[in-house]
Amino acid sequence: MLKDQTAIVTGGSRGIGRAICLELAAQGANIALVYAGNTQAAEETAEACRALGVKASCYQCDVADFDAVKETVARIKADFGGVQILVNNAGVTRDGLLAAMKKADFDLVIDTNLKGAFHFIRHVTPIMMRARYGRIVNISSVSGIMGNAGQANYSASKAGVIGLTKATARELAARNVTCNAVAPGFIATDMTKALVEQNSDAITASIPLGRVGAPEDVAKAVSFLVSPDSTYITGEVLRVDGGMAM
Ligand code: NAP
């Protein structure tokens, strides 16, 4: 279904990003996997994509670095010939109560989660606008919809991603570029491992569907939003949270 398309997936080495790489590769997309530092995990994911019959390469790049992202997008364009799909998934947490939150922790989370998505959109959209085709999906969070105590930095970054998504959707619609957000709830990855282990019962009780999500649950929603089945959807925020934030 996505044959001959190239997808950039940031944070593709592990967790949700890895599942997105594998799902899009299973649909036939070539994968440009962006990661921060975990080369072994990135290469393993790329190898698993190639086993599905597509081209896949890894690019180490800090999404928070505007110029590094520019250079990486240029390399990806040269390597793959074009970019039809962008999934802004790279993200970090630095949780803490507001009254004691360090400026550096606020800045890091905004720089990575919100500005990182802007950097990739900024450098990829000229390619998509020229081609008059593009599918962008930004990974937000239910924390950006509801707010979450102990996550002022993260909630602000993920609410910002929703605003960025809607503005991008409005600006680029005339060029046949759609932009949507996916807002996961609790998904079992390295990011949530400790929290889920410590508060398993309370977390499960807060989720109407009664279970923590799997990375594949999020990947399926992303796959739908970049597929030919969703051509009339833009500026949407799709929760994948077992009903948690309704
Ligand atoms: P994860 O397992 O911690 O993986 C994070 C990924 O982001 C890794 O691939 C990491 O690369 C990459 N990354 C981090 N900082 C980066 C940077 N500065 N530049 C480039 N890549 C960077 O996280 P996850 O749980 O899969 O989360 C994926 C996304 O979903 C995030 O945006 C997160 O906020 C969002 N989300 C997660 C949940 C959840 O419950 N897990 C819920 C809502 C939203 P390395 O492997 O190289 O370190």
Side-chain angles (χ1 to χ4, degrees), residues 8-21 33-42 45 59-69 72 86-122 137-165 181-200 202-203 206-207 212-215 217-218 222 237 239-241 244-245:
I8 296 179
V9 181
T10 71
S13 44
R14 293 182 284 127
I16 293 169
R18 179 177 205 272
I20 293 169
C21 288
L33 185 165
V34 176
Y35 70 103
N38 200 332
T39 303
Q40 192 185 336
T45 302
Y59 301 85
Q60 186 170 9
C61 167
D62 179 0
V63 299
D65 183 334
F66 184 87
D67 293 331
V69 172
T72 299
L86 168 63
V87 184
N88 282 309
N89 164 80
V92 292
T93 51
R94 288 292 182 279
D95 296 352
L97 293 176
L98 194 51
M101 185 170 284
K102 293 190 180 77
K103 180 183 180 300
D105 286 342
F106 196 91
D107 289 346
L108 178 79
V109 171
I110 297 289
D111 287 351
T112 307
N113 300 4
L114 177 55
K115 288 164 92 175
F118 162 67
H119 295 156
F120 266 93
I121 290 172
R122 170 66 183 80
V137 177
N138 298 320
I139 305 301
S140 177
S141 165
V142 294
S143 298
I145 298 172
M146 302 192 298
N148 195 20
Q151 288 198 312
N153 48 2
Y154 185 78
S155 300
S157 75
K158 293 300 186 177
V161 162
I162 292 174
L164 175 66
T165 299
V182 168
F186 264 110
I187 309 296
T189 68
D190 293 343
M191 185 179 272
T192 52
K193 202 166 187 268
L195 209 62
V196 170
E197 276 169 10
Q198 283 158 23
N199 308 298
S200 174
I203 289 171
S206 72
I207 303 169
V212 166
D217 292 320
V218 181
V222 172
V237 182
R239 287 185 297 104
V240 180
D241 66 349
M244 200 174 129

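We number each residue from 1, following the sequence as shown.
- The only option from I20, V161, N113 that meets the side-chain contact (heavy atoms from CB on, under 4.5 Å) definition with I139 turns out to be I20.
- In plain terms, the two heavy atoms of K158 and S141 that are nearest each other are CG-CB, 3.7 Å.
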Determine whether R122 and F66 satisfy the following criterion, side chain to side chain contact (heavy atoms under 4.5 Å, CB included), listing intermediate values before the conclusion.
CA-CA 9 Å; R122 170 66 183 80; F66 184 87; 3.8 Å; yes
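- Atom OG of S13 and atom CD of Q40 lie 11.5 Å apart (nearest 0.5 Å).
- When all heavy atoms are compared, the tightest approach of G12 to L33 is O-CD1, 3.6 Å.
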Begin from the C-alpha positions of T10 and N89 and carry the test side-chain hydrogen bond (donor to acceptor under 3.5 Å, both in side chains) through to its verdict.
CA-CA 5 Å; T10 71; N89 164 80; 5.4 Å; no
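- You'll find the side chain of I121 reaches within 4.5 Å of the side chain of L86, heavy atoms only.
- In this structure, L164 and F118 approach most closely via the heavy-atom pair CD2-N, 3.7 Å.
- Using a distance-only test at 3.5 Å, with no hydrogens or angles considered, no donor-acceptor pair links the side chain of D105 to the main chain of K102.
- For the residue pair S140 and P184, the shortest heavy atom distance occurs at O-CD, 3.3 Å.
- For I145 against A183, the heavy-atom pair with the smallest separation is CD1-CB, 3.8 Å.
- Between R239 and M244, the shortest heavy-atom distance links the atoms NH1-N, 4.5 Å.
- For Q60 (side chain) and A36 (main-chain N/O), a donor-acceptor pair under 3.5 Å exists by modelled atom type.
- Distance check, rounded to the nearest 0.5 Å: CZ of R94 to CD of Q151 gives 12.5 Å.
- Rounding to the nearest 0.5 Å places CG of D241 at 8.0 Å from CD1 of I187.
- Annotation: side chain of V196 is in contact with side chain of F186 (closest heavy-atom distance under 4.5 Å).
- Remark: side-chain polar atoms of N148 are not paired, donor with acceptor, to backbone N or O of S143 under 3.5 angstrom.
- The main-chain N or O of G91 is never found under 3.5 Å from a side-chain atom of T112 such that the two would form a donor-acceptor pair.
- Judged by distance alone, with hydrogens and angles left aside, the side-chain atoms of N199 form a donor-acceptor pair with the main-chain N or O of L195 at under 3.5 Å.
- Counting heavy atoms from C-beta outward, V92 and Y154 have side chains that stay 4.5 Å or more apart.
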Apply side chain to side chain contact (heavy atoms under 4.5 Å, CB included) to T189 and I16, showing your working.
CA-CA 7 Å; T189 68; I16 293 169; 4.0 Å; yes
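- N153 pairs in a side-chain contact (heavy atoms from CB on, under 4.5 Å) with only one of the listed residues (L98, D107, V109), which is V109.
- Under the 3.5 Å distance criterion, the side-chain polar atoms of S155 are left unmatched by any main-chain donor or acceptor of A152.
- With rounding to the nearest 0.5 angstrom, the CG atom of L114 is 9.0 Å from the NE2 atom of H119.
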